[in-house]
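As a basis for the values below, the full set of heavy atoms in this structure was taken, side chains included, without hydrogen atoms, waters or symmetry mates.
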Amino acid sequence: MPKNSKVVKRELDDEVIESVKDLLSNEDSADDAFKKSELIVDVQEEKDIDVEEESEVEDERPAWNSKLQYILAQVGFSVGLGNVWRFPYLCQKNGGGAYLLPYLILLLVIGIPLFFLELSVGQRIRRGSIGVWNYISPKLGGIGFASCVVCFFVALYYNVIIGWSLFYFSQSFQQPLPWDQCPLVKNASHTFVEPECEKSSATTYYWYREALNISSSISESGGLNWKMTVCLLAAWVVVCLAMIKGIQSSGKIMYFSSLFPYVVLICFLIRALLLNGSIDGIRHMFTPKLEMMLEPKVWREAATQVFFALGLGFGGVIAFSSYNKRDNNCHFDAVLVSFINFFTSVLATLVVFAVLGFKANVINEKCIAENSKMIVKFLRTGNISQDIIPHHINLSTVTAEDYHLVYDIIQKVKEEEFSALHLNSCQIEDELNKAVQGTGLAFIAFTEAMTHFPASPFWSVMFFLMLVNLGLGSMFGTIEGIITPVVDTFKVRKEILTVICCLLAFCIGLIFVQRSGNYFVTMFDDYSATLPLLIVVILENIAVSFVYGIDKFMEDLKDMLGFAPNRYYYYMWKYISPLMLLSLLIASVVNMGLSPPGYNAWIEDKASEEFLSYPTWGMVVCILLMVLAILPVPAVFVIRRCNLIDNSSGNLASVTYKRGRVLKEPVNLEGDDASLIHGKIPSEMSSPNFGKNIYRKQSGSPTLDTAPNGRYGIGYLMADMPDMPESDL
């Protein structure tokens, strides 16, 4: 609400009361029409005014305790698990250091302008996503509902990942770590290594068999995995307790959950740089492959990563910014958070490849040792002549350089017979080129690397605690993207709604902690968010730039910020960003159409992954996820367009005023040329001139199409009335 003192409020209220009393006292032809209106003004005794003033103060929107708390909340929401296990993979896959250039370009073209747009509308209108887009255009009010649905879908499986991290965290207080070696199986006669583990690796076996106890396909449920069910329950309890008081409770936790990951990343980087092979990993990471920049796929994947890294379309950005003061410099916030996100991704990439470089060096040393033994064996059997081996090389303690020299010599001499020797080149680059992402990076590759660290349990505890905090920061923003719009729209108690939401999500989330649950996580990750969020953000851009009007929006920003934003944003919002988003949407649809829908299943007998297609019911679920996520947009449009809801039935379209104060959120307005975002307080406003129109809502009047563009979020409907001088009011 506008930042007025009590005196200014009382003066405004008295003016409204007296103006309407004077208006009602006029016995002319306009009285009958006016008395049929639904404008309600309560004239109360002076003793009641103080009580109402106190209630208004209590109803004021919560606010951040400090600017730092708000920035940490936005950083915590935008910086998530994707920065650690998705960005490094994309960087390696798409040209190493060369990938950073298209990413930066798209961050400037798509990321920062759209992030700034969401921050500004949330901050000024001070509502969640439902209220914001319903305010700008009632017909596009479904955008907010679609954001809530997507947030709910993402929260369902995202908290499962936090549950996995909690499980590994709880298992890290052991020496040696439980995934350090393959388990032994005993029978009546002898002891042997678990075959499934022997065919794969200790960390891979622990992930698929000990942690997930995974089934062989999505159709084989296998029942609940009780270890993961308990971890999922713990994750939802943490989220519920942190969110139950809104930003008052979650804001304080942000100081730890947002800053702790940076402490861990810096510690990991310092430790990794002291290990052998880390520099090889970093060098491999940032060696640019410039030719890959010409491939369209690189730009598509960079745009997708920018889009999701900032949390655009989820509603969390809007929800957090809605608790800001209206004169906050949200442009500075948008640039700051965007670049913090980018540099966090680069820092995480350095850490990941420094650690993977160390891991590759360890594996390479084992490879050289094993192949050197094979060469010694061939020398003894006469398959390889001793004369071709340089005299200065000792194969029992051979270095990597010497081994590669011997390997090249044998390859040249035994050109025809070389393949039969089954020797490995043992190049560290071959190991580094094995691209891994997501759970494969966090729970297999990284955990394997940490088993070689000195004091490995300590580093394992730190790593998985970091993953938990990264996940919680994003979960807070995701849940806020659900809670805030619903509370603003339906006026329910935040505590009750939070508990119900978390309880419902936990119950639905049980499908992810079945033995086949990992396959459902993959399904939701691939289909529940990507296309729906792209459509949501495209509609957000269109709503502001073309429905509300980009010129009016730029003037509103100037009034709110105290300075005119760079003209760059005008062209981005009106031309470049919509075209880029549409291109990204088309490319994503084409890519989805060309990629066979399926998942990587773990086959126990083979101890390896195998790509399987979804069954028919799985395809139906995939389609339903996308349809349900975007369905609110056309549904709300049709309802508003066809007038299917009675505006006088107490829904969002009905407007009631009490002492000049809005009691229910309006959705319809016509003729008010005030801007969406305006910084003036009521005491600075001139009285409305009713020379041609009287601001009211006439009972039985049809729903109007235009958005409520009033200065204070109070929508007035307008009906023709005889000329009436301003002095009469």
Side-chain angles (χ1 to χ4, degrees), residues 1-3 58-67 69-78 114-137 140-141 143-148 151 243 245-251 254 310-334 337 476-494 497-498 536-537 540 543-544 548 553 556-557 560-561 652 662 665-667 675-679 707-708 710-714:
M1 60 183 295
K3 302 176 291 184
E58 292 174 357
D59 290 340
E60 284 184 355
R61 193 170 188 79
W64 297 102
N65 292 337
S66 65
K67 181 67 174 282
Q69 190 182 73
Y70 165 67
I71 294 296
L72 289 178
Q74 290 286 16
V75 169
F77 176 51
S78 64
L114 294 176
F115 194 61
F116 180 30
L117 184 146
E118 289 199 356
L119 287 179
S120 58
V121 295
Q123 178 176 306
R124 182 54 184 89
I125 301 175
R126 309 201 77 191
R127 290 289 182 271
S129 55
I130 295 177
V132 162
W133 303 113
N134 188 61
Y135 186 100
I136 289 178
S137 174
L140 294 178
I143 296 175
F145 287 98
S147 292
C148 288
C151 278
M243 297 298 300
K245 291 291 185 182
I247 62 171
Q248 278 84 3
S249 54
S250 65
M254 292 295 179
L310 294 175
L312 299 174
F314 280 96
V317 173
I318 294 175
F320 280 150
S321 65
S322 71
Y323 299 112
N324 264 334
K325 297 178 180 178
R326 283 195 175 122
D327 58 354
N328 173 63
N329 188 350
C330 55
H331 174 257
F332 172 79
D333 300 342
V337 173
F476 293 157
T478 304
I479 297 297
E480 199 69 56
I482 302 170
I483 301 297
T484 298
V486 175
V487 169
D488 289 343
T489 304
F490 301 104
K491 311 302 179 188
V492 296
R493 284 192 61 184
K494 179 168 287 188
L497 178 63
T498 303
V536 164
V537 176
E540 288 181 358
V544 171
Y548 178 70
F553 185 64
D556 295 334
L557 288 175
M560 182 175 73
L561 300 175
L652 289 177
V662 63
E665 194 70 46
V667 297
S675 296
L676 163 65
I677 300 173
H678 225 287
R711 298 177 192 267
Y712 312 112
I714 300 176

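Of all non-hydrogen atoms in M243 and T498, the two that sit nearest each other are O-OG1, 3.8 Å. Among all heavy-atom pairs drawn from V317 and L310, the shortest one is CG2-O, 3.8 Å. Listed here is the closest heavy atom pair of G313 and S147: O-OG, 2.8 Å. The shortest heavy-atom contact between A146 and V536 is CB-CG2, 3.9 Å. Residues S120 and F553 approach most closely at OG-CZ, 3.4 Å, considering heavy atoms. For A543 against L140, the heavy-atom pair with the smallest separation is CB-CD1, 3.6 Å.
Listed by chain and residue number, Y70 satisfy the side-chain hydrogen bond (donor to acceptor under 3.5 Å, both in side chains) test with Q74 (two or more places apart in sequence, or in another chain). Applying the side-chain hydrogen bond (donor to acceptor under 3.5 Å, both in side chains) test to S250 and every residue at least two apart in sequence or in another chain returns nothing. Residues satisfying the side-chain hydrogen bond (donor to acceptor under 3.5 Å, both in side chains) criterion with Q123, sequence neighbours excluded, are N328. Every residue meeting the side chain to side chain contact (heavy atoms under 4.5 Å, CB included) condition with V486, not counting sequence neighbours, appears here in chain and number order: F490, V492, L497. The side-chain hydrogen bond (donor to acceptor under 3.5 Å, both in side chains) search around T484 returns Y323, E480, not counting sequence neighbours. Here L117 pairs with W133, V544, W573 under the side chain to side chain contact (heavy atoms under 4.5 Å, CB included) rule; sequence neighbours left out.
Annotation: side chain of M254 is in contact with side chain of F476 (closest heavy-atom distance under 4.5 Å). In this structure, R61 and D488 have side chains that are in contact, with non-hydrogen atoms separated by less than 4.5 Å. No side-chain heavy atom of D333 sits under 4.5 Å from any side-chain heavy atom of F116. The shortest side-chain heavy-atom distance between I143 and S129 does not fall under the 4.5 Å cut-off.
In this structure, R326 CZ and R126 CZ are separated by 6.0 Å, a value rounded to the nearest 0.5 Å. Atoms CG and CZ, from L557 and R124 in turn, are 11.0 Å apart once rounded to the nearest 0.5 Å. If you take CZ on F320 and CD on E118, they are separated by 13.0 Å, rounding to the nearest 0.5 Å. Summarising the geometry, atom CG belonging to L114 is positioned 11.0 Å from atom CG belonging to L119; distances are rounded to the nearest 0.5 Å. The CG atom of L312 sits 9.5 Å away from atom CD1 of I318, with the distance rounded to the nearest 0.5 Å. Within the model, atoms CZ of F314 and CD1 of I479 stand 11.5 Å from one another, a figure rounded to the nearest 0.5 Å.
Counting non-hydrogen atoms of neighbouring residues, nucleotides and ligands closer than 6.0 angstrom, the NZ atom of K494 exceeds 12 such neighbours.
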